[in-house]
Protein chains: 2
Amino acid sequence: MPKIVDAEARRQEVVQAVFRIIASDGLERASLREVADEAGLAVGSVRHYFASSDDLLVFSFGAVIDRIAGRLESAMTAVEAERQGSSAQQAAVLNLLGQFLPLDEELAVDACVWMAFRHAARIKPVLAAEAERSHRAVAAVVGRLIMLLSPQEAEAQQTLVAEAERLLATMDGLCMHALLQPEWMTAEMCSDVLTAHLRSLAGAPASS
Amino acid sequence: MPKIVDAEARRQEVVQAVFRIIASDGLERASLREVADEAGLAVGSVRHYFASSDDLLVFSFGAVIDRIAGRLESAMTAVEAERQGSSAQQAAVLNLLGQFLPLDEELAVDACVWMAFRHAARIKPVLAAEAERSHRAVAAVVGRLIMLLSPQEAEAQQTLVAEAERLLATMDGLCMHALLQPEWMTAEMCSDVLTAHLRSLAGAPASS
DNA sequence: GGTGTTGAAGCACGTTCGTGCTAAAAAATA
DNA sequence: TATTTTTTAGCACGAACGTGCTTCAACACC
C-alpha cells in the first residue's frame with residue numbers, strides 16, 4: 001500500500017523532539033511548528049501522527065513517565081536482590097535514588113520534561129490523569145524502598161507513609177534544586193544530602 | 001500637575017492581578033491584556049507603569065520574593081527569641097517551616113507564583129537575577145535554623161551545609177507536592193513529615 | 001481661567017499559535 | 001502500467017501576543 005513507515009518509531013522520534021524543546025526552551029515553546037522543525041518534518045506530518053497539540057503533549061508526558069518508572073523499577077529490583085543491610089545494597093539504594101536526579105544528559109532531559117509536565121498539569125486538565133499515574137508509580141517504588149530500609153522494630157503504618165512522603169519530597173526538591181540552581185546543588189552536594197537522609201532513616205527509627 | 005495617583009500603590013495593584021492570574025491560570029497566561037483586564041485597567045495603563053512585559057514579570061517576581069523572605073525573617077526572629085529546646089521554640093520552628101507551604105489562601109497564591117517564576121527563570125534570562133536573590137534569601141534563613149537546631153556536638157561545616165540543603169530540598173518538595181497533589185499531600189501529612197524531619201535533625205546527629 | 005504635564009485608553013503592525021482543509025508525492029497492489 | 005492508500009507538505013483562517021505610537025481626559029500651577 002503506502003510508503004512503509006514504522007508509525008510507532010515515528011511517534012517516538014517526534015516525542016524525542018518534544019523532549020529536546022522542553023529541556024532547552026520550556027514547555028510553552030513546544031508548539032506544533034517548533035516540534036515539526038526540530039523533528040525535521042512538516043506541521044502536517046506531525047499532525048498525521050498526533051490528532052492535536054494536546055494529544056502530542058499527553059503522549060509525550062506518558063512517554064517520559066514510562067521511561068522514569070521503568071528506570072526506577074529496574075533499580076528497585078536490583079536493590080531487593082542485594083543482601084539486607086549489605087554495602088552492596090547501600091550502593092544499589094544510592095543508585096536508585098540517583099535515578100531521580102539530573103546526573104547525566106539523558107537524566108537531565110527527562111527530569112526537565114517531567115517537572116515541566118507535572119507543573120503544567122496543575123493548569124491543563126488534559127494532563128491531570130497522567131500526573132496521577134506518575135505520582136502513583138513513583139510513590140509505589142519509594143514506598144517499597146521505605147519498607148525495606150526502615151528498622152524492623154514495630155512501626156506504625158502512618159509513620160511509614162510519612163517517611164515515604166518525606167523521602168519523595170526530598171527527592172523532588174533535590175531534583176528541582178539541581179535543575180534550577182545547578183551551581184549550588186552540585187552532584188557532590190546531592191550525594192551528601194542523600195547519604196545524610198539515609199543515615200537519618202536507619203539511625204533514627206521514627207517510633208511514633 | 002497631573003492627576004494625583006499613588007504610583008507605587010497602583011503598581012502593587014497590578015502585581016496582585018499578576019499573582020491571581022498566575023495562581024489560577026499559570027504564568028504563560030499572565031499577558032499584558034489578561035493582567036490589564038484582571039486589574040480593571042487598559043493595556044496602555046499597565047504599560048504606563050511597566051515599560052514592558054518583562055519589566056512587569058521581573059517586578060512581580062521581586063515582589064513575591066520580598067513577601068516570602070519577609071515572612072521567613074520575622075518567623076525566624078520569633079524562633080530565635082524562644083528558649084533553646086523549649087516546646088515554644090519547637091512550635092515557632094513549625095510555624096517558620098509552615099511559611100513555605102500553601103496552608104491558607106494567601107500562602108497558596110504566593111507558593112504558586114514563587115514556583116512558577118523559579119521554574120520560568122530556568123528559561124528566561126531576565127528572571128535569573130531575582131531567582132538567585134530568592135535562593136540566597138531562603139538559604140540564609142534555613143542555614144540559621146540548622147545552626148540553631150543542630151546538636152551542639154562538634155559538627156563539620158560541610159555537614160551543616162548538607163543538612164541545610166536537605167531541609168531546603170524537603171521544604172521545596174513538600175511545597176511542590178502540596179501544590180500539585182493536594183489530595184495526597186494534605187496539611188496533616190505535611191505536619192507529619194515536618195515533625196519526622198525535625199526529629200531526625202535532633203535525634204540523629206549527623207556526625208561525619 | 002488658561003496651560004502644560006501626566007494618567008488612561010486605544011489603534012495598528014508584525015509574529016506566532018492551533019487547526020481545518022487541500023494537494024502532491026510515494027510505494028504496494030491490481 | 002494503472003490504481004489505491006498512506007505519508008508529506010502546505011495554505012488559510014481566526015485568535016492572541018508584545019509593542020510603538022497617538023489620542024483624550026484630568027488636574028496642579030501660573
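Quick note on labels: first sequence line is chain A, next is B, and so on, each numbered from 1. Reckoned from all heavy atoms, side chains included, excluding hydrogens, waters and symmetry mates.
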Write down the distance between CD (A:E34) and C1' (C:dG18), rounded to a whole number of angstrom.
14 Å
Show me the protein contacts with nucleotides 9-12 of chain C, counting only N or O atoms at under 3.5 Å.
residue, atom, partner, partner atom, Å
C:dA9, OP2, B:A42, N, 3.2
C:dA9, OP2, B:S45, OG, 3.0

For the pair made of CZ in A:F50 and P in C:dT19, what is the distance, rounded to whole Å?
14 Å
With ring-ring contact (aromatic ring centres under 6.0 Å, His included) as the rule and sequence neighbours excluded, what pairs involving residues 52-73 of chain A come up?
A:F50-A:F59, A:F61-A:F117
Nearest to the side chain of B:L32 - C:dC17, D:dT7, D:dG18?
D:dG18
Looking at A:H48, does any N or O in its side chain come under 4.0 Å of the phosphate oxygens OP1/OP2 on D:dT7?
yes
Work out which heavy atom in B:V193 is nearest to a heavy atom in A:A162; give both atom names and the distance.
CG2-O, 3.7 Å
Residues 16-23 of chain B side chain polar contacts: donor-acceptor under 3.5 Å, at least two apart:
residue, atom, partner, partner atom, Å
B:R20, NE, B:E38, OE2, 2.7
B:R20, NH2, B:E38, OE2, 3.4

How close do A:L103 and A:A187 get, heavy atom to heavy atom, and via which atoms?
CD2-CB, 4.3 Å
Restricting to pairs with a member in residues 44-55 of chain A, which pass salt bridge (Lys or Arg N to Asp or Glu O under 4.0 Å), not counting sequence neighbours?
A:D54-A:K124
Listed by chain and number, what are the ring pair (Phe, Tyr, Trp, His ring centres under 6.0 Å) partners of A:H135, not counting sequence neighbours?
B:H177, B:W184
Report the distance from atom CZ of A:R29 to atom P of C:dC17, rounded to the nearest whole Å.
7 Å
What pair of heavy atoms forms the shortest contact from A:G62 to A:E130, and how long is it?
CA-OE1, 3.2 Å
Would you tell me if any nitrogen or oxygen in the side chain of B:Y49 comes within less than 4.0 Å of OP1 or OP2 on C:dA8?
yes
Specify the separation, in whole Å, of atom CZ of B:R10 and atom P of C:dG7.
10 Å
Does any pair with a residue in residues 22-31 of chain B pass salt bridge (Lys or Arg N to Asp or Glu O under 4.0 Å), and if so which ones, sequence neighbours excluded?
B:R29-B:E34
So which pairs with a foot in residues 172-188 of chain A pass salt bridge (Lys or Arg N to Asp or Glu O under 4.0 Å), sequence neighbours left out?
A:R118-A:D172
Output for pair (B:L201 CG, B:L145 CG), nearest 0.5 Å, gives 8.0 Å
Estimate the overall bend of the helix from C:dG1-D:dC30 to C:dA30-D:dT1 from the end axes over five pairs each, rounded to 10 degrees.
20°
Give the residues of residues 14-28 of chain A touching DNA chain D, defined as any heavy atom closer than 4.0 Å, sorted by residue number.
none
Take atom CD in A:E105; do more than 12 heavy atoms of anything else shown fall under 6.0 Å from it?
no
Among residues two or more places apart or on two chains, list those pairs meeting salt bridge (Lys or Arg N to Asp or Glu O under 4.0 Å) that have a residue in residues 60-74 of chain A.
A:D66-A:R133, A:R67-A:E106, A:R67-A:D110, A:R71-A:E106, A:R71-A:D110, A:E73-A:R144
Which residues, if any, of residues 51-58 of chain B bring a heavy atom under 4.0 Å of DNA chain D?
B:S52, B:S53
Set of side chain to side chain donor-acceptor pair (under 3.5 Å) partners for A:S134, sequence neighbours left out
A:W114
